[in-house]
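Lettering follows sequence order; numbering is per chain, from 1. All heavy atoms count here, side chains included; hydrogens, waters and symmetry mates do not.
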There are 2 protein chains.
Amino acid sequence: MSPAHNSTRHDRDAVARAALALLDEVGLADLSMRRIAGRLDVQPSALYWHFASKQALLAELADRITAGIPHGDASVLVTARGIRDALFACRDGAELVLSTYALRLGSSSAQNAVHDALVADGADAPEQRAAAIMHFILGHATLVQQRMHADSYGAVLPGDESPTADDVTAGLDRVFDLGVTALTGTVRSSSVPLRDRA
Amino acid sequence: MSPAHNSTRHDRDAVARAALALLDEVGLADLSMRRIAGRLDVQPSALYWHFASKQALLAELADRITAGIPHGDASVLVTARGIRDALFACRDGAELVLSTYALRLGSSSAQNAVHDALVADGADAPEQRAAAIMHFILGHATLVQQRMHADSYGAVLPGDESPTADDVTAGLDRVFDLGVTALTGTVRSSSVPLRDRA
DNA sequence: ACCTGAACACCGTTCAAGT
DNA sequence: ACCTGAACACCGTTCAAGT
């Protein structure tokens, strides 16, 4: 009777992939263990063989979202944009990573990427700047993503003249670039990095 | 039989105050309508006479948390610290305000306070800087508050040498000050503000 | 190795009805 | 004006038992 059911068994990766797909469809607030199980044609209790708890599953999803962050020799701004875009690539990605990030405060690979880019730029206090930039990216991306979601099916507020969605997006992009640039601290041309040092 | 029950009826303010007190005791994750009702010796459905939904109640709590923010002629850094401390004053205050803040992105009184302090400092692009500073404060405070909560009853990670809680707090304070100062953009002595302008 | 079935202790919300 | 009582449609999690 069930039109498209899986009779195969699942592993940890299949559960995480189903959860990630469902997250994109329904959002974090409606992502329940029972819905994920339903999508896999499995009882909710089956998920607890693969993950110790919902929190553990969400942590795995956060890891997958941040796994795509490029960690090369790009500038701080480009690195920061890469992190932001990885969060934006998944519905509620920023909120999910933010809520999972606290324990890894100093040790995340995203923060390391920012840190290395800062060092390459010759910025002072790269540890604190990397932390500050990560806090800014996560706060910014969470707020922007929430707003995007609210705007998509929210009523237009009765303000005098409401800017278009593109205006808002462009303004927020400028806020992001200004924030990252200011937090980087140095505005240094990349072609003459070490000429007059020591 | 019930040892300490209220037979009086309640208004909107009493519901909000009970919810805020309970938030401090149990945290945002365990703040349910049923628990709030229990604390008021009332059926859960009674709350819906005062608030249209749980989300509306949470928005009211966020408003009360941010209502205590001083809006005077302080510097940007002092204003930012005041906002952060208002969030820290209530358990999970930062997360609650962050999750409620998206719709008010440009129009919150906290952001206005930052904006006015920036203008008084003579900073350029005060609108975008105010937005960036708010995003930073909310991201930073949410992460720090989550970490505080996790540390309070979490196991110590098996790292080589773990810094003391005071070390962590001091480091995070430096990150906050560095972040706000960098985002302010101008380091200008307040006694000679306008000497060589236009 | 992976899943079922049943249960436990919860949720937010609605709505007729009471006072 | 404010609340009860009952119901509806959900939750996360555990655990014995199945294959």
Side-chain angles (χ1 to χ4, degrees), chain A residues 1-2 4-20 22-23 25-62 91-92 95-96 99-100 146 149-150 153-154, chain B residues 1-2 4-20 22-23 25-62 91-92 95-96 99-100 146 149-150 153-154:
Chain A
M1 278 303 187
S2 43
H5 75 288
N6 272 332
S7 53
T8 63
R9 304 189 127 183
H10 307 287
D11 56 8
R12 208 180 139 91
D13 179 66
V15 173
R17 296 212 348 262
L20 220 38
L22 195 58
L23 175 62
E25 289 175 23
V26 305
L28 190 56
D30 290 330
L31 185 71
S32 69
M33 296 298 267
R34 297 175 113 102
R35 287 237 231 183
I36 298 164
R39 148 88 51 143
L40 291 166
D41 273 307
V42 136
Q43 296 296 315
S45 50
L47 303 181
Y48 289 85
W49 198 90
H50 302 286
F51 292 94
S53 65
K54 186 183 184 182
Q55 187 52 50
L57 210 189
L58 294 180
E60 170 70 25
L61 300 188
R91 161 115 89 128
D92 293 331
E95 185 184 349
L96 175 55
S99 70
T100 289
Q146 269 176 203
H149 181 247
Y153 68 102
Chain B
M1 278 302 186
S2 41
H5 75 288
N6 273 333
S7 54
T8 62
R9 303 189 127 181
H10 307 287
D11 56 7
R12 208 181 139 90
D13 179 66
V15 172
R17 296 212 348 263
L20 220 38
L22 195 59
L23 175 61
E25 290 175 24
V26 305
L28 189 55
D30 290 329
L31 185 72
S32 69
M33 296 298 267
R34 297 176 113 102
R35 287 238 230 181
I36 298 165
R39 146 92 47 145
L40 291 165
D41 273 308
V42 136
Q43 296 295 316
S45 52
L47 302 181
Y48 290 84
W49 198 91
H50 302 286
F51 292 93
S53 64
K54 184 182 185 184
Q55 187 51 48
L57 210 191
L58 294 180
E60 170 70 24
L61 300 189
R91 160 114 90 126
D92 292 331
E95 184 183 349
L96 174 55
S99 71
T100 290
Q146 268 176 203
H149 181 247
Y153 70 103

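With rounding to whole Å, D13(B) atom CG is found 18 Å from dA1(D) atom P. Whole-Å rounding puts the W49(A) CH2 to dT19(D) C1' distance at 14 Å. One can place CZ of F51(B) at 12 Å from P of dC2(D), the figure rounded to the nearest angstrom. Rounded to a whole Å, the CD atom of Q43(B) is 6 Å from the P atom of dG5(D).
Between D92(B) and L31(B), every side-chain heavy-atom pair lies at or beyond the 4.5 Å cut-off. Between V15(A) and E60(A), every side-chain heavy-atom pair lies at or beyond the 4.5 Å cut-off. No side-chain heavy atom of T100(A) sits under 4.5 Å from any side-chain heavy atom of L61(A).
Secondary-structure stems of DNA chain C, taken as three or more successive Watson-Crick or G-U wobble pairs (i with j, i+1 with j-1) under a 3.5 Å distance threshold, comprise C:4-8 with D:12-16, C:12-16 with D:4-8.
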For nucleotides 9-12 of chain C, give me every protein contact, N/O to N/O, under 3.5 Å, one pair per line with atom names.
| unit_1 | atom_1 | unit_2 | atom_2 | d |
| --- | --- | --- | --- | --- |
| dC11(C) | OP1 | S32(B) | OG | 3.0 |
| dG12(C) | OP1 | M33(B) | N | 3.1 |
| dG12(C) | OP1 | K54(B) | NZ | 3.0 |
| dG12(C) | OP2 | M33(B) | N | 3.0 |
| dG12(C) | OP2 | R34(B) | N | 3.4 |
| dG12(C) | N7 | R34(B) | NH1 | 2.5 |
| dG12(C) | O6 | R34(B) | NH1 | 3.0 |

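For the residue pair L47(A) and M33(A), the shortest heavy atom distance occurs at CD1-O, 3.2 Å. Across A16(B) and L57(B), no two heavy atoms sit closer than the pair CA-CD2, 4.5 Å. In this structure, A46(A) and V42(A) approach most closely via the heavy-atom pair CB-CG1, 3.1 Å.
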| field | Worked verdict on R39(A) versus E25(A) for salt bridge (charged side-chain N to carboxylate O under 4.0 Å, His left out) | value | CA-CA 12 Å; R39(A) 148 88 51 143; E25(A) 289 175 23; 2.7 Å; yes
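The phosphate of dC3(C) (OP1 or OP2) has a side-chain N or O of H50(A) nearer than 4.0 angstrom.
For R17(B), the salt bridge (charged side-chain N to carboxylate O under 4.0 Å, His left out) criterion is met by D13(B), not counting sequence neighbours.
Between the P atoms of dC2(D) and dA17(C), the separation comes to 22 Å (whole Å).
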